[in-house]
Protein chains: 2
Amino acid sequence: MVKNRNKVKADENSEEKILAAAKKVLFSKGYAGARMQDIADEAGINKALLHYYFRSKEKLFEVIFKEAIGKLMPQISSIFSDPGISFNDKIRAFCNSYISTWMEHPYIPMFVLHELHSDSGKGFLKLVEETRFRPVKDVLNSIEVAVKKKEIRKVDPHQLFLNMISLCMFPFMGSPVFRKVTGISDRQFDNMMKARVDEVSEFIIESIKYRK
Amino acid sequence: MVKNRNKVKADENSEEKILAAAKKVLFSKGYAGARMQDIADEAGINKALLHYYFRSKEKLFEVIFKEAIGKLMPQISSIFSDPGISFNDKIRAFCNSYISTWMEHPYIPMFVLHELHSDSGKGFLKLVEETRFRPVKDVLNSIEVAVKKKEIRKVDPHQLFLNMISLCMFPFMGSPVFRKVTGISDRQFDNMMKARVDEVSEFIIESIKYRK
DNA sequence: TCTATTTTTAACCATTTGGTTAAACCATTT
DNA sequence: AAATGGTTTAACCAAATGGTTAAAAATAGA
């Protein structure tokens, strides 16, 4: 009678169930804090099955980590290298794409950045290299061009790039503290993030406007 | 002959040695990733001595975590509630104080925020409550006043506050990735952070200027 | 110097944790 | 229905880990 009592969709196969469960546990606890047993429980299967599908904790982690890293850079390289789009619109596209991604996957920023931060010798940082990061060069280049064409005021491309990422990404890493110190509810925070797409775009655009 | 071969100052007493070692290990690995043996090794003492001075891992963690939390809010509440200081100067004071703090303790943002993020049931979030967070109210209030007095353009206080924190704090959490994707050296990054104090201040001030 | 107290250590202990194994289960083919 | 091959499980195992204990070493007090 009670058939679908597991925490994951019943029609998923075991591998999918494991991946979904592993994401949930790893995203919230991190590699060191995650327990294989917790993942098995979450997936509603036996622990040995984890090792049947993914040899080890590290291997399982790697699969999920690689996918998460893939979301680090927004899929908008084409936009930034397109000379037909105004710089302001590029900023808007960036913020929109980036913040939307984190609204869908709010745990990924903390997960990825924490693992890379505490990566002592484990060499996960090299996985970052493997990921294509041409987009970064495109963005930096695009900023430089915009400055030269006096489309925006003079700024250090690296600093502006860091500002863009900070404004879009940080809120999802600091949300527990921010919610606590401001006392806002989950709903309010969610609304803030929705508003933030435009808010941040305009905040940046307003700041880098070229004024004669 | 070889007397001072430990990684910590020799003239420190054991308790201080342990605290210094625990900070180093905990800050870089996080609670779940830290090993009591690693802390003991780092301090150059026996593992049992850890438990002699601090009953348990959790207790030791709590001491260090509380101190770290204390640095979360800059010690500038007086500045923000002082009506004699221009809003722009308040921004400058905030960025200066905040970024300087993280340059001295670059591991704290990731450490504190990660623990609070993955705080499921452990109740470390309640330690945030115990810390005085009146400063937050002062900042939010100060923003509201500045908007009303048309000292700055109309902004959502919460969003601006979040922008300020994001711009100052994020770089120290994302530094490994940022360094990797941009290819800049440790020295360059350090210089960037030094420049960032003014860079971020002006970035914000420029964005929220009241323009008739 | 002898005693009492505090500090430090080596050796253990119990539990947790990632991982393995051999058997059971199940679906498909013959 | 029997054989086959992939899937799942219960029971184990060895190493790691947080924590304890009893004794040794150092320190202070008389």
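Chain A is the first sequence line, chain B the second, and so forth, proteins listed ahead of strands; every chain is numbered from 1. Model, not experiment: these values are computed from the prediction.
For N13(A) and dT7(D), the CG to P distance is 9 Å, given to the nearest whole Å. The separation between I39(B) atom CD1 and dA16(D) atom C1' is 15 Å, rounded to whole Å. Rounded to whole angstrom, the span from the OH atom of Y52(B) across to the C1' atom of dA24(D) amounts to 14 Å. When the P atom of dC25(C) is taken as reference, atom CD1 of I45(A) falls 18 Å away, rounded to whole Å. In this structure, K29(B) places its NZ atom 11 Å from P of dG18(D), rounding to the nearest Å. Remark: P of dT9(C) and CG of D41(B) are 12 Å apart, rounded to the nearest angstrom. Between R35(B) atom CZ and dG18(C) atom P there is a gap of 10 Å when expressed in whole angstrom units.
With sequence neighbours excluded, no residue forms a salt bridge (Lys or Arg N to Asp or Glu O under 4.0 Å) with K90(A). The ring pair (Phe, Tyr, Trp, His ring centres under 6.0 Å) search around F61(B) returns Y31(B), F65(B), F111(B), F124(B), not counting sequence neighbours.
Within the structure, side-chain hydrogen bond (donor to acceptor under 3.5 Å, both in side chains) pairs that include any residue of residues 191-203 of chain B comprise Q159(A)-R196(B), N163(A)-R196(B), R92(B)-E202(B) (at least two apart or interchain).
Note: H105(B) and F172(B) fail the aromatic proximity criterion, with ring centroids not under 6.0 Å apart.
In this structure, the nucleotide among dT8(D), dT17(D), dT8(C) sitting nearest to the side chain of L49(B) is dT8(C). The side chain of K57(B) lies closest to dG18(D), out of dT8(D), dG18(C), dG18(D). If you check dT20(C), dT8(C), dG19(D) against the side chain of H51(B), the one that comes closest is dG19(D). When distances run from any side-chain atom of S14(A) to the nucleotides dT20(D), dT8(D), dG18(C), the shortest one goes to dT8(D).
Classification of D41(A) and R35(A) as a salt-bridged pair fails, no side-chain N sitting under 4.0 Å from a carboxylate O. Salt-bridge annotation for E42(B) and K17(B): absent, with no side-chain N of the basic residue lying under 4.0 Å from a carboxylate O of the acidic one.
Among the duplex regions that DNA chain C forms, those built from at least three successive Watson-Crick or G-U pairs under 3.5 Å are C:1-30 with D:1-30, ordered by first number.
For L60(B) against I39(B), the heavy-atom pair with the smallest separation is CD2-CD1, 4.2 Å. C95(A) and I204(A) get closest at one heavy-atom pair: SG-CD1, 4.1 Å.
No engagement by L50(A) is indicated, since no non-hydrogen atom pair under 4.0 Å with the nucleic acid exists. Residue contacts for F54(B): at a heavy-atom cut-off of 4.0 Å it reaches no nucleic acid atom on any strand shown. Within 4.0 Å (heavy atoms only), A34(B) reaches sugar-phosphate atoms of the nucleic acid but no base atom.
Applying the 4.0 Å criterion to OP1 and OP2 of dG19(D), one finds that R55(B) has every side-chain N and O outside that range.
A heavy atom lying under 4.0 Å from DNA chain D marks none of the residues of residues 60-69 of chain A.
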### Query
Where do L113(B) and M169(B) land on the side chain to side chain contact (heavy atoms under 4.5 Å, CB included) test, with the steps shown first?
CA-CA 11 Å; L113(B) 264 56; M169(B) 217 165 173; 4.0 Å; yes

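Of the possible polar contacts, one joining the T101(B) side chain to the S97(B) backbone as a donor-acceptor pair under 3.5 Å is found. At least one donor-acceptor pair closer than 3.5 Å links the side chain of S118(A) to the backbone N or O of H114(A). No side-chain donor-acceptor contact under 3.5 Å links S207(A) to the backbone of F203(A).
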### Query
When every nucleotide of nucleotides 10-15 of chain C is labelled 5' to 3' by its protein contacts under 4.0 Å (heavy atoms), B for base, S for sugar-phosphate only, - for none, what sequence of letters results?
B-----

